Amino acid sequence: MARAFLLNAAWEKLRADPQVQSTGYLASWFQESLHPYLTAINAGILDCATQLPITCDGFMTIVQALDSAYPRMDNSTRQLVANWIGRFLTIHQCQESSAKEWIQSNWKSFLNYAAYSDLTKAWSGFDGFSALEVLTASQLAQLTVAHGVLSNATLTGAVAEALRGQDVRHTGDFLSEFSLLPLEGPLEPKALYALLETVLRKVDESFPDLCSPSLKDLFQVKLQRLLPVADAHILELFPTKIGCADFQDIYKGINLVHHELSPATQRAVYDHRLSFLEGQLAKEGAACTFATSSSREWLQENFGLSSLFADYQTLVHLNPSFQGFEVLDLLTAKQIGALVVISGVLTDGARIGAEVEAAAVMRTFQSQNISELRIFLLEVNALTEQRDIAEITNVQVRNVMLQGIFQILKPYFASVVVTDVESWFGGILTLYLPSVTVEELGYLPSPFNCTELQVVFKSFVNITDLMAIDQNFTGMAHLGELSAVQLAQLTLTEEVFSSVANMEQVFAWLAQLPGLSELAAYWDEFNAVYEKLPPPGTFSKYDPNSYQANRGPARSWESRLRARRSLPQPTFVNVVNISMEVKRIMLTHTMERLQVEFPKFTDADYQLWFTKRLAVVLPSVTATILQRIPITMSCEAYKSVIAGINNCFPEIPEQGKKDVFSYIVSFLTQNSQITAPACSAQSTTRDWLLQFFGRFSMEAPFLKLVSYYRQTFDAYTVLDVLTPSQIGDMMVHSDTLTSMDLATRLVTFFQERDVERVQIILKEFTRAAIQHKLVVLPNPQIAQFLLTSYLALAAAQMEAYTAAEWNTTLQVDLRFFCPVIDTTSLDYFTPQDYESFTTM
């Protein structure tokens, strides 16, 4: 206040002094006498000075004096002086040899408070491009807009060069001003690109110094006009020494211009996002998940609109806690398809809320184009096929999804054409069609033409439904129109299963269906229907007349189907009595197909096919069929093959059993270090015999059986599995006759069997002993123990023996034990007549 008072007083005295009209007088006062008070200069003094005779040199001296006080001035005073300089120069036209010199001489530090328009107004010939390096950041931005620099790549190059010569703070100030100014087009993309590249390089040079601009402000505000021209090269210039917060700030800015980017750049943006997140996951163990509280927030913060390029599997990989059902509105149709499969909602019957999740998925597509629904369904089909998911086992989920699908397709069916029908019902909807009801069928236009109806029926209608709609329907006349599932249903009709020729035709058509999945679908359906059939003889023929009576006048096909489902199901006579010849046809043709696939089979594939799918027809196995099954498979795969065949052992003809045994021997005797003989080392005697021979071990002599094992064969762990003949051989060729421990175990086994079976074993022992040229048992004590134990076991039966039975017992069963008969043994000999006595 005092300084202003003194300045005003001095100025009043000065302006009254006649010398003020002299050139240079006023300038000297500003330099000397008034200098201490210049921080309090006001508009009155400056405007008055303008009216005094001041030369351009004097003016520059005054500006120099004012500039020396600049650091101590407040902003309003600085602005006041800058405005005065502009007015003075406008009036007095103090020009210099160059724009740069003119600025430096006349504006000094007060240039910071001048707009670019002030400069051009003060000097009409001012050429800003020749003074770019001395313009302030704001003036440079104003020049850029005023001269349409961004419509001219050459001019942009000059501005970019000026920015490169300044520090990063200058660049930030330039962008702050530039982002606020109105732009007029057309703009040159190359010019925008050059400016963007310059700015990013400048930022990258300084980041993360304290002087570096805020990345949030830079990318979300200041660079918004330039970012639409970004490409993969520009993305490489983004700061890299950043954490999750900076990463998210940068790409939120990119997200704001996402739709203005080229498709290639959009993809490149996703790749850069993914690369950063993968790096965070590898380095920190988490892909920027710590600062987000939900799947929605994580997806939006880290991927934004780029998420449409991501595989759903990638999202789960980066964020194992990612819950796709919470963000269905942010996912693409393809991502939702992957979510539905990966989540297990289709197959996990115990999943809580699965139906609610499925319903949410279908609601998502109600507001989208049918093309999106198609993409979703095709993705589900592709992934289920990759994962060998043949059906949606969560029936409630399947029902919900089918209902939702038909609700969406309902308006579409009004204009449907046959090619569309075939596309939808011939493949896209296959997984869901087992849940179809009359209600869904009612959405289809009626009447369909024959071709369309045929396509729909081929997709999901049961053979019995076809018969209901047309009582004259015969499956054999329409083989080429039936799916694998329907061919399986047809197989279990009397028309086919009772005819070798018809079965050959069915499999001929089945062979034309591409892929192993079709063959698998045939056998899965065959078994599903077969298992539900009653025993032979409990079926009654379907009477088409009863259906015709209910049919009435011609009706739409869906009403006929509705009527069909209110009637008893058509049935077929003795459908389970499939002849061995027909079974052999089915198995033979199946093996012809599988032979090509076996090299790609896993252990699980062998188990599925041989223990489940082919169970009904395996009794028809022959040497020719077995030749198609490789013997170079793994131990586990082989066990599955034998387990499946062993399950139907009683039904296999004798020659078939011999063929199976030959196959087993081929497997066990092959030269291999990883399978066959090597399998013995992995199993106990009992496991080996049950899993590698099953009941077919009965086909081998005992010594042969032992030779295949390649380990120490513990016969006493499998006595219940061996045949009497094999046990008889074992008694001769083991330590049983010299080891009381083994003899005791044999007696225990005898005591758990009926006498008749023990007698057979003893007969086989006598045979084996004679063949081995055994004269006398090696250990009388053990022989007497075995004899006494047997006599005690058979005592009750022997009381009623006839002479012939005593003769067989002593001459055959106990032939080698008679030498050790003593008084104790004789107590068991109780002949019931003289003839028996003399025979004994």
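We count residues from 1, following the sequence as given. Bear in mind the structure is a predicted one, so any value in this text is a computation, not a measurement.
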Worksheet, complete the sentence: Output for pair (Gln486 CD, Glu525 CD), nearest 0.5 Å, gives 9.0 Å

Worksheet item: Do Gln248 and Cys288 come close enough that some side-chain heavy atom pair is under 4.5 Å?
Response: yes

Discussion item. Checking the side chain of Arg387 only, and the main-chain atoms of Val341 only, is there a donor and an acceptor separated by less than 3.5 Å?
Written reply: no

Discussion item. Rounded at 0.5 Å granularity, tell me how far CG in Leu482 sits from CG in Leu487.
Written reply: 5.0 Å

Fill in: Close side-chain approach of Ile375 and Leu378, heavy atoms under 4.5 Å
no

Discussion item. Can you tell me how the ring of Phe598 sits relative to the ring of Phe610, calling it parallel under 30°, perpendicular over 60° and tilted otherwise?
Written reply: parallel

Fill in: Side-chain donor or acceptor of Ser275 paired with backbone N/O of Asp271 under 3.5 Å
no

Worksheet item: Which is it for Arg613 and Leu608 under the side chain to side chain contact (heavy atoms under 4.5 Å, CB included) test, yes or no, and what are the steps along the way?
Response: CA-CA 6 Å; Arg613 284 180 174 153; Leu608 177 61; 3.3 Å; yes

Discussion item. Working to the nearest 0.5 angstrom, can you tell me the gap between Ile254 CD1 and His272 NE2?
Written reply: 10.0 Å

Fill in: Side chains of Leu223 and Leu200 in contact at under 4.5 Å (non-hydrogen atoms)
yes

Worksheet entry | Nearest atoms (heavy-atom pairs only) where Trp298 meets Ala287 | NE1-O, 2.9 Å

Worksheet item: Do any N or O atoms from the side chain of Gln220 and from the backbone of Ile250 form a donor-acceptor pair under 3.5 angstrom?
Response: no

Worksheet item: Do the side chains of Leu377 and Tyr432 get nearer than 4.5 Å, heavy atoms only?
Response: yes

Discussion item. Has Asp311 got a side-chain atom pairing as donor or acceptor with Gln313's backbone, closer than 3.5 angstrom?
Written reply: no

Discussion item. Check whether Arg296 reaches the backbone of Val327 with its side chain - one donor and one acceptor, N or O, closer than 3.5 Å.
Written reply: no

Worksheet item: Is the Tyr251 to Phe276 ring centre distance short of 6.0 Å?
Response: no

Discussion item. Looking at Ser306 and Val269, would you say the former's side chain and the latter's main chain have a donor-acceptor pair under 3.5 Å?
Written reply: no

Worksheet item: Can you tell me if Asp605 uses its side chain to pair, donor with acceptor, with the backbone of Thr602 under 3.5 Å?
Response: yes

Worksheet item: Out of curiosity, Leu274 CG to Asn302 CG, how far, rounded to the nearest 0.5 Å?
Response: 11.0 Å

Worksheet item: Would you say Thr384 and Val380 make side-chain contact, with heavy atoms under 4.5 Å?
Response: yes

Worksheet entry | Pairs where residues 389-408 contributes a residue and the test side chain to side chain donor-acceptor pair (under 3.5 Å) is met, not counting sequence neighbours | Arg398-Ser435, Asn399-Ser435, Gln407-Tyr443

Fill in: Smallest separation among heavy atoms of Val203 and Leu218, with atom names
CG2-CD2, 3.8 Å

Worksheet entry | Heavy atoms of other groups near Glu278 CD, more than 12 under 6.0 Å | yes

Worksheet item: Under 4.5 Å between any side-chain heavy atoms of Phe219 and Leu256, yes or no?
Response: no

Worksheet item: If you measure from CG on Leu261 to CD1 on Ile234, what distance do you get to the nearest 0.5 Å?
Response: 11.5 Å

Item to complete: Can you measure from CG (Leu331) to CG (Leu308) and round to the nearest 0.5 angstrom?
Response: 10.5 Å

Practice prompt. Please work out whether the ring planes of Phe507 and Trp523 are parallel, tilted or perpendicular, with thresholds of 30° and 60°.
Written response: tilted

Worksheet, complete the sentence: Hits for salt bridge (Lys or Arg N to Asp or Glu O under 4.0 Å) against Glu597, two or more places apart or cross-chain, chain-then-number order -> Lys600

Worksheet item: How would you list all residue pairs meeting side chain to side chain donor-acceptor pair (under 3.5 Å) that involve residues 353-371, not counting sequence neighbours?
Response: Arg351-Glu357

Worksheet item: Taking C-beta and beyond as the side chain, do Leu383 and Val340 meet within less than 4.5 Å on heavy atoms?
Response: no

Practice prompt. Determine, step by step, whether Asp217 and Lys222 satisfy the side chain to side chain contact (heavy atoms under 4.5 Å, CB included) criterion, reporting the C-alpha distance in whole Å, the side-chain angles of both residues, the deciding distance to 0.1 Å, and the verdict.
Written response: CA-CA 6 Å; Asp217 185 48; Lys222 295 179 179 178; 2.7 Å; yes

Worksheet item: Which heavy atom of Val397 sits nearest a heavy atom of Ala354, and at what distance?
Response: CG2-CB, 3.7 Å

Worksheet entry | side chain to side chain contact (heavy atoms under 4.5 Å, CB included) between Leu490 and Leu479, worked out | CA-CA 9 Å; Leu490 182 64; Leu479 289 178; 3.5 Å; yes

Fill in: Donor-acceptor contact present, side-chain Glu379 to main-chain Gln335, <3.5 Å
no

Fill in: Side chains of Leu409 and Leu373 in contact at under 4.5 Å (non-hydrogen atoms)
yes

Discussion item. Quick one, Phe497 with Phe526, criterion ring pair (Phe, Tyr, Trp, His ring centres under 6.0 Å). Give me CA distance, side-chain angles, the key distance, then yes/no.
Written reply: CA-CA 12 Å; Phe497 78 79; Phe526 175 88; over 10 Å; no

Response to the item:
What one should report as the nearest heavy-atom pair of Leu429 and Ile405 is CD2-CG2, 3.7 Å

Worksheet item: Closest approach of Leu328 and Val361, non-hydrogen atoms and distance?
Response: CD1-N, 3.8 Å

Worksheet item: Could you walk me through whether Tyr522 and Thr590 pass the side chain to side chain contact (heavy atoms under 4.5 Å, CB included) check?
Response: CA-CA 10 Å; Tyr522 169 88; Thr590 299; 5.9 Å; no

